[in-house]
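In each ligand, atom 1 is the first atom listed, and ligand 1 is the first ligand listed. This structure is a prediction, so every number in the text was calculated from the model and none was measured.
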Amino acid sequence: MHYFTYKGNELYAEDVPLEALAREYGTPLYVYSKNTVLRHIKAYKKAFCDPGGILCFALKANSNGAILKLLAEEGAGADIVSGGELFRALRAGISPARIVYAGVGKTAEEIAYALKKKILMFNVESGEELEMINRVAGGLGMKAPVALRVNPDVDPRTHPYISTGMKKYKFGVPVEDALEFYRRAAGMEHILVRGIHQHIGSQLTEVAPFRDSLEKVLNLIGQLRAAGIDLTHLDLGGGLGIRYSKEETPPVPGELASGLLPLLKKVSGLTVIVEPGRSIIGNAGVLLTKCLYRKKTGEKNFVIVDAGMNDLLRPSLYGAFHEILPARKERRGSQVADVVGPICESGDFLARDRRLPIVKEGEILCVMGAGAYGYSMSSNYNSRPRAAEVMVDGDSHHPVRKRETYKDLIKGEL
Ligand SMILES: *Cc1c(COP(=O)(O)O)cnc(C)c1O
């Protein structure tokens, strides 16, 4: 559910017409709906936190400080994958006691930074990383709280680039090796074994892969208990999908929780952690773009817009589908067209062979579901200043990031 809807012929973010925002802030422009974000946070809190769990927002989906501040105010924690994300999370007021740190390539400097800030735990992805954490913690005279990221080898049935929990991918440690890993960890002087972690992929649209994975993890927890290794935290990861197209009907957080509850009941005394990114912010954000030109070549129609793959990479990177709606509905014919950006790459498109109303020059289009992995994946490719971002709350709105300038492009160049 989100609050981007037509009222009459005009598409609104909550109570603000999107066309007015495009006029005021220019395009390309990311627009977020505060009350949609809040709604999603509350759904997760009800499903997982009320029963005692911890919500850790995956910063890589969207790390704008205004969004992080909302999450901090709601008591959410963070799932981070770099020192930079730790910096952002702390700056927004997120408690380090609710920060978990994943990623296969944590550097010694990043590990030291996170130790000094006293995060909840490192989700460790390899034996060598564990050794490094032990060494760095030793150097600081500390004990590092860790969880092992287990690779349960289940197929999340999503795009291969956002699938992580299968053996052929770089993430985690195979279940078979986990017991040995925990034995080693438990014997290390500067390691405190705290939990277990799984994250099997992103944009999952069914509960079944979560359940399959959790079964393997619970089985492992049983073996660990038998071996005298007691954990306090069970991190289920993120990955719940959102509805990009009408064919997708992903479960809501409450459905995920009730689907997993029978399994979770089998283990007691574990604090459950969830790490959603996309399902919190994905459909709470849209990208507004202006049609610059239209063009027809042979068989194909192109709608050339002012947002490109540098602003929203998902279609180019994953062939991802984003619905595109006109900011102003009117009676007109339709045509099949590619919606493409100004970048000098044939892979620069927002939609391919899409049936759309016949778009007019200068018209504002709204790319739906662009809140997650949108701005956070954007770049300056083709020396394009990055877009502005604005937050809507009811009938008010305020900028949460300025549009970059040409000067920003050369900042730091020597
Ligand atoms: C990316 C990521 C998430 C969030 O995934 P979503 O699909 O956005 O919910 C959670 N945990 C880890 C470890 C991740 O890498």
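No more than 12 heavy atoms of other residues, nucleotides or ligands sit less than 6.0 Å from atom CZ of R91. Atom NZ of K300 has more than 12 heavy atoms from other residues, nucleotides or ligands within 6.0 Å.
Heavy atoms of F171 stay at 4.0 angstrom or farther from ligand 1. Put simply, no part of G237 is less than 4.0 Å from ligand 1, judged by heavy atoms.
When only modelled atom types and interatomic distance are considered, T289 and D306 share a side-chain donor-acceptor pair under 3.5 Å.
Within ligand 1, the atoms closer than 4.0 Å to a non-hydrogen atom of S202 are 6 (P), 7 (O), 8 (O), numbered from 1 in the order shown. Within ligand 1, counting atoms from 1 as listed, the ones closer than 4.0 Å to a heavy atom of G239 are 5 (O), 6 (P), 7 (O), 9 (O). For ligand 1, the atoms sitting less than 4.0 Å from at least one non-hydrogen atom of R278 are 6 (P), 8 (O), 9 (O), numbered in the order shown with element in parentheses. Annotation for ligand 1: atoms under 4.0 Å from non-hydrogen atoms of E275 are 3 (C), 4 (C), 9 (O), 10 (C), 11 (N), 12 (C), 13 (C). Residue P276 approaches ligand 1 through these ligand atoms, each under 4.0 Å from one of its heavy atoms: 9 (O).
Under a 3.5 Å cut-off, the side chain of S213 and the backbone N or O of P209 do not form any donor-acceptor pair.
Under 4.0 Å is where a charged nitrogen must lie from a carboxylate oxygen, and between R384 and D311 at least one such pair does.
L204 places none of its side-chain heavy atoms less than 4.5 Å from the side chain of L240. Under the 4.5 Å side-chain criterion, counting only non-hydrogen atoms from C-beta, Y3 is in contact with T36.
Between H199 and H197, the ring planes lie parallel to each other; the angle is under 30°, not in the 30° to 60° tilted range.
D79 OD2, 3.2 Å is the protein heavy atom nearest to atom 12 (C) of ligand 1. Summary of contacts: the protein heavy atom closest to atom 1 (C) of ligand 1 is K60 NZ, 1.3 Å.
Looking at ligand 1, you won't find any N or O of A102 less than 3.5 Å from one of its N or O atoms. Residue G277 places at least one N or O, backbone or side chain, under 3.5 Å from an N or O of ligand 1.
Considering only non-hydrogen atoms, atom 8 (O) of ligand 1 lies nearest to Y373 out of Y101, F57, Y373.
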